[in-house]
Amino acid sequence: MTAIEIKDLQFKYSDNHVALRGVTLRIEEGENVGLIGPNGAGKSTLLMHLNGILPETHNKQSAISIFGLAVNESNLLTIRRNVGLLFQDPDNQLFCPTVYEDVAFGPVQFGKSKMEVEALVKEALTKVGLQGYENRSPHHLSGGEKQRVCLAGVLACEPKVLALDEPTRDLDPRGKRHLKTILSSIKSTKIIATHDLELVVELCNRTIILDEGKVVADGPTITLLSDEEFMLSHGLEKPHILKHIHPH
Ligand code: ADP
């Protein structure tokens with residue numbers, strides 16, 4: 001089944017800055033897709049469209065559907081249930097006095113019972129390796145721990161699609177390894193916007209390259225990322241781990 005379908009998505013911010021210039025793509029259920037491109041390419045803007053976070057788009061005819069359901073005002077609750085979005089900056093996502101409340105926030109919003117919420121929070125915290133953190137204040141945790149609390153909050157909603165924006169940005173090497181292990185154990189369809197090309201090589205069979213609001217390549221990760229000339233022409237670099245692989 002198709003998890004994400006985007007047809008000719010155009011978007012400009014309220015200051016008239018054009019961020020997406022006709023993006024078309026389709027992601028099947030269970031795929032792990034890397035979304036790469038230089039700064040300003042439109043990666044975050046694209047991810048924010050997946051769960052209707054940008055209010056400007058609500059009333060337009062939707063160019064996006066998630067598991068066949070159009071992303072628009074009337075479907076917003078279901079869409080938000082289906083798409084878990086992990087933002088770049090954990091501080092934007094954590095706002096409760098305790099880790100428990102933060103992770104429980106989504107399931108509570110979706111009307112789960114107290115017992116269900118407890119079970120979901122416990123499972124999500126275990127998945128990210130933060131058992132026992134329930135009563136800690138999220139604001140007093142390290143960057144990596146905050147990130148994992150955010151991820152637990154997203155996982156507790158059991159999303160079918162996981163959209164991650166720069167998930168390894170603030171992590172040290174151990175944190176990165178840990179996150180890769182967590183992500184590879186999660187079955188949801190994933191789209192990962194990142195500059196961490198090793199993460200893409202390890203987790204994503206497929207990569208979409210965005211530049212100036214357009215898809216400039218979409219295909220097997222190893223093939224695209226090992227094409228040094230093409231990568232350089234879009235402000236990217238061939239990752240070190242592929243240095244012995246030649247595309248042609
Ligand atoms: P990326 O995630 O690939 O770095 P973004 O989606 O953040 O790219 O940004 C795409 C373009 O939209 C950039 O040129 C950026 O400056 C612009 N942009 C992002 N957010 C806003 C905003 N709130 N208002 C106006 N322009 C924005």
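Each ligand, and each atom within it, is numbered from 1 in the order the structure gives. We're numbering straight along the sequence, starting at 1.
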- For the side chain of Thr168 and the backbone of Leu171, is there at least one donor-acceptor N/O pair under 3.5 Å apart? no

- Only one of Tyr100, Phe95, Phe110 forms a ring-ring contact (aromatic ring centres under 6.0 Å, His included) with Phe105, so which one is it? Phe95

- Query: Should the pair Arg206-Asp218 be classified as a salt bridge under the 4.0 Å nitrogen-to-oxygen rule?
  - Reply: yes

- Query: Judged by atom type as modelled, is there a donor-acceptor pair below 3.5 Å linking the side chain of Glu134 to the main-chain atoms of Gly132?
  - Reply: yes

- the protein heavy atom lying closest to atom 10 (C) of ligand 1 turns out to be Gly40 O, 3.4 Å

- Item | Heavy-atom nearest neighbour in the protein, as seen from atom 9 (O) of ligand 1, with distance rounded to 0.1 Å | Thr45 OG1, 3.8 Å

- Message: To check your reading of the model: name the closest protein heavy atom to atom 19 (C) of ligand 1, its residue, and the distance in Å.
- Response: Tyr13 CE1, 3.4 Å

- Would you check whether Gly42 reaches within less than 4.0 Å of ligand 1, judged by its heavy atoms? yes

- Are any of the N or O atoms of Asn39 closer than 3.5 Å to those of ligand 1? no

- Task: For Ala41, take its heavy atoms, then give the atoms of ligand 1 lying under 4.0 Å from any of them.
- Result: 1 (P), 3 (O), 8 (O)

- Message: Once you restrict to heavy atoms under 4.0 Å, what part of Asp15 touches ligand 1? Side chain, backbone, both or neither.
- Response: side chain

- Task: Please confirm whether Pro38 comes under 4.0 Å of ligand 1, counting heavy atoms of the residue only.
- Result: yes

- Message: I'd like to check Val154 versus Leu85 (side-chain heavy atoms, cut-off strictly below 4.5 Å). Are they in contact?
- Response: no

- Task: Examine the proximity of ligand 1 to His17 and report which part, side chain or backbone, both or neither, has a heavy atom under 4.0 Å away.
- Result: side chain

- Is Glu28 atom CD crowded by more than 12 heavy atoms from other residues, nucleotides or ligands, each under 6.0 Å away? yes

- Answer yes when Glu118 and Lys122 have at least one side-chain N-carboxylate O distance shorter than 4.0 Å, and no when they do not. no

